[in-house]
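Scroll down for the structure; my scribbles are underneath it.
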Amino acid sequence: MSQIPSAGSTLYDSDVFRMACRQFDHAADLIGIDPDLRERLKLPKRCVTVTVPVRHDDGHVRVYEGYRVQHHLTLGPTKGGVRFHPHVTIGEVAALAMWMSWKCALAGLPYGGAKGGVAVDPRALSVRELEAVSRRYMQELIPFVGPNIDVPAPDMGTNEQVMAWMMDTYSNQVGNSVPAVVTGKPISVGGSEGRREATGRGAAYLIKRQLEAMGIAPGEATAVIQGFGNVGSEAALALREYGVRVVAISDVGGGHHNPRGIDLDAALAHVAAHRSLAGWRGGDALTNEELLELPCTVLVPAAMERVIMPANARRLRCRVLAEAANGPTTNDADVILAERGDVEIIPDILCNVGGVVVSYFEWVQDLQSLFWTRTEVLAKLCSILDRASDAVEAQRARLGCSRRLAALTLGIGRVAEAKTARGLFP
Ligand code: NAD
């Protein structure tokens, strides 16, 4: 098992951070990363913890813990989402920041990885309380973020509205409007066309490419999607556009299966009205665990990390596993899937890279105050996805390794090269 880096304390120790470290170690071994570089590459450069006190509607004040981890500063500002979820820990945030680093480098973006989070259940908050958490978290981070320092974005439990409040809080502090401080904002305050759908649509585009490579027509393919938030629902809509039949969806409230095809518009309307799929009658009800084992062409985990474990890896009945979520497959499950050899994996740092690519476009547009059309954004996105995907296939052939290791070695190798070129200060 991978060790937590020696220079680190147990600060980040958690299943998910160990998982990210072990992936790093495999990739670094494969491309022979210099031992002197390994800890510098692996350990996060900075982490900030904050307390977020918020007065609730009932008059009481509650204090939530928040984090921001900036993984490396070698290629430019850091970039990554902010997660509001009751189980957020600093170890999880650090692992997600590490994956962001390799993802940005894989796509050729001038960023290091970052991630943030607040241990809070946003579904239990009123709109006013959610605004207070969002603004106070950003207020605490003001010395540590900025367009040239660290640029947050949405992740699980946060959305365009949360980004607008964060942008407004930062802008009020500095005295002028600073749209480039966060991405994933509403278009009215400097957001980009195409950003909302970028992650899910990007994943669907890569799925289409994979089906083509396997000689499967989209019209003959079915998809099962876990998670029906931003990423899962946008992936479902884009897959439907390509002709793929989405036969099951789920969210935290459970799953729905309809072999004839899920009515996605009705599901979206239900979520808009009730904040979840709970109570919807669009198919046979099933648990999230059962959903993962449904027979389908493409399985798309688009919710949490570590949902494909040794216990269910042998029972998956998909041809393609498209990791729209970050870290959905544990390392041990990965080994089982490799032994099986009948499931093609589109690894997370490639599969969901569309989100940060269009976040990068948003940041560039904000800095230039020059905005692109949706057609331009999506065309540029597809060309970066094609380039990243082709590079992964070439690396895989060169090293004779899995698609995951190919993607990781490309990302890690590029950061290692930049660190070597810049040298070690002092
Ligand atoms: P979201 O909050 O919009 O949606 C999350 C969905 O997952 C919701 O439907 C929620 O009900 C569901 N969910 C939560 N816990 C669950 C559980 N235990 N079982 C089943 N479903 C559960 O979040 P999102 O932005 O769509 O993010 C989803 C995943 O995609 C995360 O892993 C995130 O890190 C990753 N991701 C997001 C982006 C982005 O641009 N938003 C970019 C890259 C990766």
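Fair warning: this is a prediction, and the values are worked out from it, not measured in the lab. Read the numbers this way: they start at 1 and go in the same order the structure lists the ligands and their atoms. Values reported hereafter were calculated over all heavy atoms of this structure, with side chains retained and with hydrogens, waters and symmetry mates removed.
- Applying the ring pair (Phe, Tyr, Trp, His ring centres under 6.0 Å) definition to pairs two or more places apart or across chains, none involves residues 134-164.
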**Request:** Before giving the answer on side chain to side chain contact (heavy atoms under 4.5 Å, CB included), spell out for D57 and R128 the whole-Å C-alpha distance, their side-chain angles and the decisive distance to 0.1 Å.
**Result:** CA-CA 8 Å; D57 294 345; R128 193 204 61 78; 2.9 Å; yes

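- Applying the side chain to side chain donor-acceptor pair (under 3.5 Å) test to pairs two or more places apart or on separate chains, those with a residue in residues 254-272 are R240-D265.
- Every protein residue with a heavy atom nearer than 4.0 Å to ligand 1 is included here: R83, P154, D155, M156, G157, R195, T199, G227, F228, G229, N230, V231, D251, V252, N288, A302, A303, M304, A324, A325, N326, N352.
- Using cut-offs of 30° and 60° for the angle between ring planes, the H71 and W102 rings count as perpendicular.
- Partners of E65 according to the salt bridge (Lys or Arg N to Asp or Glu O under 4.0 Å) rule, which considers only residues two or more places apart in sequence or in another chain, do not exist here.
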**Request:** Could you check Q23 against W99 for side chain to side chain donor-acceptor pair (under 3.5 Å), going step by step and ending with a plain yes or no?
**Result:** CA-CA 10 Å; Q23 289 180 355; W99 285 323; 2.8 Å; yes

